[in-house]
Novice: 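Got a structure here, written out as structure tokens. Questions coming.
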Amino acid sequence: MSKLTILRYPDPRLHTVAKSVAHVDERIRQLVDDMLETMYAADGVGLAATQVDVHERLIVIDTSDSRDDPHVLINPELVAKSADMVLGDEGCLSVPTIYDKVPRHARVTVRSLNRAGESYEFEADGLLSVCVQHEMDHLMGKVFVEYLSSLKRDRIKVKMLKKSRDEQRP
Ligand code: NI
């Protein structure tokens, strides 16, 4: 396994719309393993392939406290979503140190392929529901800060560019 580089907002590649995974083969399973390693190393609860500059519909999630319950979502689709919404604090590995509120469906039903390429369906609520919607946005080229006001977003852009510059300084 190897750790992958996570793109940071406002990198334009984060706005790429992902294509469906054609075959769940060894290449995809390797990518799943590398994404899980990358997500755990960064202490994140979810990671979309878009964030590691691979533009295919693949997501890994682990919202468990024990960090040993990975969900692998390949070509995920929302087959149902609740009318009631929740407003939770969201963060993103591509927008480090920034947290803000985004409206999300309280519950969703997801149909997806797993790491073995088999179709499965599950219902999610709470943090898992929010996380699925956040990661599926990434696959559509959307970062959560795009739900915020343009004023806030511009401030975040400036902060992220400064942070990247500071980190690159020898
Ligand atoms: Ni994210």
Side-chain angles (χ1 to χ4, degrees), residues 1-63 70-78 88-104 108 110 112-115 117 127-170:
M1 299 214 289
S2 52
K3 238 174 73 181
L4 307 167
T5 303
I6 299 175
L7 299 180
R8 185 176 287 178
Y9 185 79
D11 191 310
R13 290 172 288 182
L14 285 169
H15 303 304
T16 312
V17 177
K19 295 190 171 78
S20 292
V21 172
H23 302 287
V24 181
D25 52 15
E26 272 317 301
R27 179 184 68 91
I28 292 295
R29 275 188 274 276
Q30 183 65 54
L31 178 59
V32 165
D33 294 345
D34 290 346
M35 282 174 58
L36 282 168
E37 185 182 343
T38 305
M39 177 186 76
Y40 286 126
D43 213 18
V45 293
L47 186 68
T50 310
Q51 293 176 274
V52 294
D53 202 22
V54 176
H55 302 288
E56 296 178 66
R57 295 185 57 80
L58 201 165
I59 290 167
V60 294
I61 292 177
D62 189 341
T63 54
H71 287 250
V72 175
L73 284 70
I74 300 171
N75 297 343
E77 290 172 73
L78 288 188
D89 247 341
E90 287 185 32
C92 180
L93 293 177
S94 293
V95 202
T97 73
I98 303 295
Y99 298 88
D100 216 319
K101 290 180 167 41
V102 175
R104 300 287 187 185
V108 291
V110 188
S112 160
L113 301 177
N114 64 16
R115 194 178 177 282
L127 178 58
L128 182 58
S129 170
V130 169
C131 193
V132 164
Q133 293 168 78
H134 174 117
E135 302 308 333
M136 285 184 71
D137 273 354
H138 275 303
L139 300 180
M140 296 305 295
K142 187 165 185 176
V143 180
F144 84 104
V145 297
E146 289 165 66
Y147 288 94
L148 310 177
S149 69
S150 58
L151 180 68
K152 265 191 185 173
R153 201 162 52 242
D154 287 346
R155 281 195 192 134
I156 292 168
K157 269 183 201 165
V158 170
K159 192 172 172 183
M160 286 301 114
L161 291 170
K162 181 178 185 304
K163 190 174 164 63
S164 297
R165 267 199 312 274
D166 289 349
E167 286 169 6
Q168 276 159 17
R169 203 165 285 161

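What you see is a predicted model; the values in this text were computed from it and never measured.
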Novice: Report yes or no: does Ser112 contribute a side-chain atom to a donor-acceptor pair with the main-chain N or O of Ile74 at less than 3.5 Å?
Specialist: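 Looks like yes, one N/O pair under 3.5 Å.
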Novice: Out of curiosity, Ile28 CD1 to Asp33 CG, how far, rounded to the nearest 0.5 Å?
Specialist: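 Separation between the atoms: 11.5 Å.
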Novice: Between Asp100 and Glu90, is any pair of side-chain heavy atoms under 4.5 Å apart?
Specialist: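 The answer is no; the side chains never approach within 4.5 Å.
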Novice: Applying side-chain contact (heavy atoms from CB on, under 4.5 Å) between His71 and each of Leu128, Val110, Asn114, report the one that passes.
Specialist: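 Testing each of Leu128, Val110, Asn114 against His71, the sole residue satisfying side-chain contact (heavy atoms from CB on, under 4.5 Å) is Leu128.
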Novice: Where is the tightest heavy-atom contact between Gln51 and Cys92, given as atom of each residue plus distance?
Specialist: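 It is NE2-SG, 3.5 Å.
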Novice: If we only count heavy atoms from C-beta on, is the Met136 to Val108 side-chain gap below 4.5 Å?
Specialist: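 Not touching, per the 4.5 Å side-chain cut-off.
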Novice: Lys152 versus Val145: any side-chain heavy-atom pair under 4.5 Å?
Specialist: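 Sidechains of Val145 and Lys152: no contact.
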Novice: Can you name the closest pair of heavy atoms from Ser2 and Glu37 and give their distance?
Specialist: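 Shortest heavy-atom contact: N-OE1, 3.2 Å.
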Novice: With Lys142 as the cation and Tyr147 as the aromatic partner, state whether NZ or CZ is under 6.0 Å from the six-membered ring centre and within 45° of the axis.
Specialist: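 That pair qualifies as a cation-pi contact.
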Novice: So Val17 and His55, do their side chains get closer than 4.5 Å, heavy atoms only?
Specialist: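 Not touching, per the 4.5 Å side-chain cut-off.
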Novice: How many angstroms lie between CZ in Arg57 and CG in Leu73, if you round to the nearest 0.5 Å?
Specialist: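 So the gap between those two atoms works out to 10.0 Å.
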Novice: Tell me if a side-chain donor or acceptor on Arg153 pairs with a main-chain N or O of Leu148 at a distance below 3.5 Å.
Specialist: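 Indeed, once roles are kept as given, a pair shorter than 3.5 Å links the two residues.
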Novice: State the OG1-CG distance between Thr50 and Leu7, to the nearest 0.5 angstrom.
Specialist: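 Interatomic distance, Thr50 OG1 to Leu7 CG, rounded to 0.5 Å: 9.0 Å.
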Novice: Measuring from Leu58:CG to Arg115:CZ, what's the distance to the nearest 0.5 Å?
Specialist: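 So the gap between those two atoms works out to 10.5 Å.
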Novice: How many angstroms lie between CD1 in Ile6 and CG in Leu14, if you round to the nearest 0.5 Å?
Specialist: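 If I round to the nearest 0.5 Å, the distance is 10.5 Å.
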Novice: Give a yes or no on whether a salt bridge exists between Asp89 and Lys101, defined as a side-chain N under 4.0 angstrom from a carboxylate O.
Specialist: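 A salt bridge links Asp89 with Lys101.
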Novice: Restricting to ring-ring contact (aromatic ring centres under 6.0 Å, His included), what partner residues turn up for His134, sequence neighbours left out?
Specialist: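 Checked His134 against ring-ring contact (aromatic ring centres under 6.0 Å, His included); matches are His138, Phe144.
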Novice: Could you go step by step and tell me if Leu113 and Val21 meet the side-chain contact (heavy atoms from CB on, under 4.5 Å) rule?
Specialist: CA-CA 10 Å; Leu113 301 177; Val21 172; over 6 Å; no
Novice: For the backbone of Ser164 and the side chain of Glu167, can you confirm whether one donor and one acceptor N or O come within less than 3.5 Å of each other?
Specialist: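 Absent.
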Novice: Please give me the minimum heavy-atom distance between Tyr99 and Gly91, naming the atom from each residue.
Specialist: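 Answer, listing the atom of Tyr99 first, then Gly91: CD2-CA, 3.6 Å.
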Novice: What pair of heavy atoms forms the shortest contact from Gly141 to His15, and how long is it?
Specialist: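 Taking Gly141 first and His15 second, the nearest heavy atoms are O-ND1, 3.0 Å.
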Novice: Of Val132, Leu139, Leu47, Asn75, which is the lone residue that meets side-chain contact (heavy atoms from CB on, under 4.5 Å) with Ile59?
Specialist: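 The residue from Val132, Leu139, Leu47, Asn75 that satisfies side-chain contact (heavy atoms from CB on, under 4.5 Å) with Ile59 turns out to be Leu139.
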Novice: Say you draw a straight line from OG of Ser150 to NZ of Lys157; how long is it, rounded to the nearest 0.5 Å?
Specialist: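 The NZ atom of Lys157 is 9.0 Å from OG of Ser150, to the nearest 0.5 Å.
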Novice: Are Asp166 and Arg169 ion-paired here, with the side-chain N under 4.0 Å from a carboxylate O?
Specialist: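 A salt bridge is present here (some side-chain N lies under 4.0 Å from a carboxylate O).
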Novice: Which atom pair, heavy atoms only, marks the closest approach of Ala48 to Glu135?
Specialist: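 Scanning both residues completely, I find the closest heavy atoms to be N-OE1, 3.3 Å.
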Novice: Could you check if a side-chain atom of Thr38 sits within less than 4.5 angstrom of a side-chain atom of Lys3, using non-hydrogen atoms only?
Specialist: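 The answer is yes; the side chains approach within 4.5 Å.
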Novice: Give me the atom names and distance for the closest heavy-atom approach of Val45 to Cys131.
Specialist: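 Result for this residue pair: O-SG, 3.8 Å.
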Novice: Hey, does the side chain of Asp137 reach the backbone of Val143 with a donor-acceptor pair shorter than 3.5 angstrom?
Specialist: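 Such a contact is absent between Asp137 side chain and Val143 backbone.
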Novice: Side-chain contact, heavy-atom cut-off 4.5 Å: Ile98 with Met160?
Specialist: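 Yes, at least one pair of side-chain atoms sits under 4.5 Å.
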